[in-house]
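Working notes, structure below.
Nothing fancy with the numbering, it's 1 onward along the sequence. It should be emphasised that the depicted structure is a prediction, and the values quoted were computed from it without experimental measurement.
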Amino acid sequence: MLCLPSGRGSCTGSQVMLELILNGVAPRAVILREADVILCVGVIVAEEFFDVRDLPVICVVGDEKFEELLKDNDDFISLRDTANEDVVIETKRGPFAAKNLLRMKDTLESSSMAAFDDSYQDSHAKALALKTIRRVASISSATELIPIKSAHIDAVTYIGRGGLNFVQKLVQLGGKVAVPTTLNSQSVDRRRWKQLGVDPTYARNANSVGDAYLEMGCEEMSFTCAPYLLPGRPQKGDDIMWGESNAVPKVPKVGVHITENRMPTIIIDAEELIREHLPRLLSCRDVDSFFPAMGWLCGNLSDGGIPLILGFDALPSVSDDNLKAFCAAFGTTGTAPLFHMANVTPEAMGDDVVQELLLSCCHKREIVTKDHLIHAYETLDDGTGDSDEIHLVALGNPHLSLTELEQLRDMVTSDGRPKKDGIEVIATLGRHVHSEGRKLHYVQSLERFGVRFINDTCWCMLLDPPIIPHNHNAMILTNSAKYATYGPGLTNRRMRFGSMLDCVEASKTGKMPHRGLPLWLRSFSTLSIRHLLK
């Protein structure tokens with residue numbers, strides 16, 4: 001049995017649970033502090049799509065009982081299933097009941113189901129999808145379904161036969177997507193996997209997952225972790241389902257689909273920090289690394305709540321690329337489904353709106369300090385060792401945008417210096433951006449410099465040589481706080497973190513000096529003794 005506070009939000013959790021069940025190695029039970037729909041989906045799919053009956057129990061116990069279980073972790077715990085919604089957990093303190101999330105009663109009102117005509121009974125694919133949605137709704141106690149404008153399917157990675165068999169079964173049953181649907185990065189570059197040295201069997205299985213989703217009507221030019229870079233991005237007020245597989249054009253009205261659940265619960269206050277150091281921030285060419293570092297920090301400080309972040313509106317502008325880097329980093333350390341940035345993000349525009357959001361936080365506030373930010377940067381750039389050599393420069397996590405392609409082109413061609421021999425520079429990006437970049441000759445200029453481009457997949461799936469250096473002591477440099485966080489565990493290689501300018505300079509010299517803090521951060525503090533010693 002596993003005792004977990006909750007999942008971390010990644011939809012891959014459903015895939016992993018499904019694979020564990022189908023391979024007969026799933027935990028007997030998962031005891032959660034708070035309900036986690038994503039983990040439950042893997043079990044529901046195993047039951048509904050594969051008719052598996054030997055399933056783990058997933059139950060929720062709440063804060064108080066979970067703390068008791070943690071304190072008693074050396075003692076034997078047993079769990080007894082019952083015929084209803086409850087399970088009985090036995091500890092040395094005595095038995096207590098917990099909700100079995102997989103046996104919750106249907107909560108959807110009949111009026112919400114009236115829109116689904118007989119075609120959902122005539123089509124096995126639609127019927128399975130609808131039944132899955134109903135069970136997910138019951139876990140969240142949703143009473144109605146709401147229409148969505150678009151979907152983005154996360155489950156495109158190949159981590160085992162379960163995920164592949166799932167989507168192939170939907171295809172065999174005639175399943176088609178019901179709304180415009182894009183696809184997340186898959187596990188390999190669909191067209192260049194041979195040149196990249198990917199194992200043929202693995203590539204065949206990975207491409208089969210993508211092929212099946214395309215047969216269901218998904219967008220062929222997607223395969224990106226940054227679907228907001230594609231045409232037709234969502235507008236304010238649109239309900240979407242990005243991150244879940246969905247053959248039904250409606251979703252349960254729960255979570256952040258409900259306006260009051262979008263209100264912030266904590267203030268992250270960076271006003272004084274940014275205002276005090278604004279001139280230096282604006283003068284530094286490496287300031288792009290400020291945004292991922294702040295995203296990583298704000299995720300940590302938000303304590304699971306939806307934050308209202310103050311101070312960024314003092315900057316002349318916050319670009320989409322800045323927000324992309326911030327969001328990716330925020331998602332590695334925070335568990336909230338969204339954040340508000342005062343006078344920057346759409347639902348926090350205007351002083352009156354910001355004031356209302358401030359009142360909803362009930363005076364819960366974290367002040368961002370220079371020490372916080374220094375700690376964040378040092379944590380991200382913690383791969384420093386005896387050598388300052390760099391072996392791989394990894395760009396595009398999330399996928400590069402067109403403006404980032406242009407900036408990268410300008411940087412590599414600014415002084416005429418070539419890429420240093422033996423240094424790999426690899427960037428991942430979606431096919432749409434790659435195609436547009438070719439039209440503008442950004443791609444060709446970068447390829448002449450020596451940049452290699454990979455489509456359809458991203459760094460979170462590129463785990464092995466020859467893309468990752470064979471040498472286990474190799475150093476990877478990235479400008480992504482997301483990859484700097486996940487990379488060491490994914491690749492078993494050391495990671496450095498810096499700006500795009502740092503990455504370009506390292507590609508030309510083969511090195512990233514141990515200079516301590518970046519230029520923009522040096523102005524935030526007198527250097528510590530540790531940095532002076534460097």
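The salt bridge (charged side-chain N to carboxylate O under 4.0 Å, His left out) analysis of residues 403-416, with sequence neighbours excluded, yields the pairs Lys324-Glu404, Asp415-Arg417, Asp415-Lys508. Pairs engaging residues 217-227 under the salt bridge (charged side-chain N to carboxylate O under 4.0 Å, His left out) rule: none recorded [sequence neighbours left out]. Sorted by first and then second residue, the salt bridge (charged side-chain N to carboxylate O under 4.0 Å, His left out) pairs with a member in residues 476-499 read Asp381-Arg496; sequence neighbours excluded.
Take Val16 and apply the side-chain contact (heavy atoms from CB on, under 4.5 Å) test, not counting sequence neighbours, and it matches Thr12, Leu20, Ile159. With sequence neighbours excluded, no residue forms a ring pair (Phe, Tyr, Trp, His ring centres under 6.0 Å) with Trp296. Remark: Leu440 engages Leu402, Tyr442 in a side-chain contact (heavy atoms from CB on, under 4.5 Å) (not counting sequence neighbours). When the side-chain hydrogen bond (donor to acceptor under 3.5 Å, both in side chains) test is applied to His432, no partner is found at least two apart in sequence or on another chain. Scanning for ring pair (Phe, Tyr, Trp, His ring centres under 6.0 Å) contacts around Phe330 gives Phe339, with sequence neighbours left out. With sequence neighbours excluded, the residues that form a side-chain hydrogen bond (donor to acceptor under 3.5 Å, both in side chains) with Asp211 are Arg190. Evaluation of the ring pair (Phe, Tyr, Trp, His ring centres under 6.0 Å) rule for His434 yields Phe453 as partners, not counting sequence neighbours.
Between Ser499 and Asp288 the shortest heavy-atom distance is CB-OD1, 3.4 Å. Closest of all the heavy-atom pairs between Ala506 and Ile423 is O-CG2, 4.3 Å.
Aromatic ring centroids of Phe326 and Phe291 lie 6.0 Å or more apart.
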Next item on the list: For the pair Ser480 and Thr478, evaluate side-chain hydrogen bond (donor to acceptor under 3.5 Å, both in side chains) and give the outcome as yes or no after the intermediate values.
Entry: CA-CA 5 Å; Ser480 164; Thr478 183; 4.6 Å; no
Next item on the list: Carefully, step by step, assess Asn207 and Gln186 under the rule side-chain hydrogen bond (donor to acceptor under 3.5 Å, both in side chains).
Entry: CA-CA 8 Å; Asn207 276 334; Gln186 63 162 54; 2.9 Å; yes
Next item on the list: Mind running side chain to side chain contact (heavy atoms under 4.5 Å, CB included) on Val167 and Ile153 for me, showing each step along the way?
Entry: CA-CA 11 Å; Val167 65; Ile153 294 179; over 6 Å; no
Notebook entry, point to check: Could you walk me through whether Lys511 and Asp502 pass the salt bridge (charged side-chain N to carboxylate O under 4.0 Å, His left out) check?
Noted result: CA-CA 9 Å; Lys511 296 182 178 182; Asp502 291 327; over 6 Å; no
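The shortest side-chain heavy-atom distance between Asn455 and Phe223 does not fall under the 4.5 Å cut-off. The closest side-chain heavy-atom distance from Tyr377 to Ser289 is below 4.5 Å. Contact annotation: the side chain of His257 approaches that of Ile146 to within less than 4.5 Å [non-hydrogen atoms, C-beta and beyond]. For the pair Asn184/Thr157, no side-chain contact is recorded, criterion being any heavy-atom separation below 4.5 Å from C-beta on. In this structure, the side chains of Leu373 and Met294 come closer than 4.5 Å at one or more pairs of heavy atoms. Proximity of Val451 to Ile426: side-chain heavy atoms (C-beta onward) are nowhere separated by under 4.5 Å. Side chains of Trp193 and Thr457 form no contact here, defined as non-hydrogen atoms less than 4.5 Å apart. Taking the side chain as every heavy atom from C-beta outward, Leu380 and Thr485 approach each other to under 4.5 Å.
Side-chain atoms of Asp238 come within 3.5 Å of backbone atoms of Gln235 as a donor-acceptor pair (strictly under, hydrogens ignored). In terms of modelled atom types and a separation under 3.5 Å, the side chain of Asp154 and the main chain of Trp242 share no donor-acceptor contact. Ser150 places no side-chain N or O within 3.5 Å of a backbone atom of Pro180 that could act as its donor or acceptor partner. For Glu19 (side chain) and Gly162 (main-chain N/O), a donor-acceptor pair under 3.5 Å exists by modelled atom type. Distance alone, capped at 3.5 Å, is enough to place a donor-acceptor pair between the Ser445 side chain and the His441 backbone. Checking side-chain atoms of Ser387 against main-chain N and O of Glu389 turns up a donor-acceptor pair under 3.5 Å. Between the side chain of Lys370 and the backbone N or O of Leu521 there is no donor-acceptor pair closer than 3.5 Å. Asp189 contributes no side-chain N or O that, together with a main-chain N or O of Ile454, makes up a donor-acceptor pair within less than 3.5 Å. In terms of modelled atom types and a separation under 3.5 Å, the side chain of Ser222 and the main chain of Leu183 share a donor-acceptor contact. With hydrogens and angles disregarded, no donor-acceptor distance shorter than 3.5 Å links the side chain of Asn23 to the backbone of Val25.
In this structure, CG in Leu214 is found 11.5 Å from OG1 in Thr181, a value given to the nearest 0.5 Å. Note: Ser507 OG to Leu392 CG = 11.5 Å, rounded to the nearest 0.5 Å. With values rounded to the nearest 0.5 angstrom, His152 atom NE2 is found 7.5 Å from Cys225 atom SG. To the nearest 0.5 angstrom, Leu400 atom CG is 10.0 Å from Gln407 atom CD. Atom CE in Met241 sits 15.0 Å away from atom NZ in Lys149 (nearest 0.5 Å). One distance of note links CD1 of Ile268 with CG of Leu297; it measures 8.0 Å at 0.5 Å rounding.
Between the side chains of Ser435 and Arg438, no donor-acceptor pair of N or O atoms lies under 3.5 Å. Checked by atom type, the side-chain pair Trp459/Thr491 shows no donor-acceptor distance below 3.5 Å. For the residue pair Asn322 and Ser319, a side-chain donor N or O sits within less than 3.5 Å of a side-chain acceptor on the partner. Counting only N and O atoms by type, the side chains of Thr224 and His399 include a donor and acceptor under 3.5 Å apart.
Tested against Asn479 for a side chain to side chain contact (heavy atoms under 4.5 Å, CB included), the candidates Val393, Asn397, Leu395 yield a single pass: Leu395.
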Side-chain donor-acceptor contacts of residues 460-471 below 3.5 Å, not counting sequence neighbours, with atom names and distances?
| from | atom 1 | to | atom 2 | distance (Å) |
| --- | --- | --- | --- | --- |
| Asn471 | OD1 | Asn473 | N | 2.8 |

Which side-chain N or O atoms in residues 300-318 pair as donor and acceptor under 3.5 Å with protein atoms at least two apart or in another chain?
| from | atom 1 | to | atom 2 | distance (Å) |
| --- | --- | --- | --- | --- |
| Ser302 | OG | Cys298 | O | 3.4 |
| Ser302 | OG | Gly299 | O | 2.9 |
| Asp313 | OD2 | Asn343 | ND2 | 3.1 |

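One finds no salt bridge joining Lys250 and Asp239 here, because no Lys/Arg side-chain nitrogen approaches an Asp/Glu carboxylate oxygen to under 4.0 Å. Using a cutoff of 4.0 Å between basic side-chain nitrogens and carboxylate oxygens, Arg452 and Glu424 are scored as salt-bridged. One finds a salt bridge joining Arg431 and Asp456 here, because a Lys/Arg side-chain nitrogen approaches an Asp/Glu carboxylate oxygen to under 4.0 Å.
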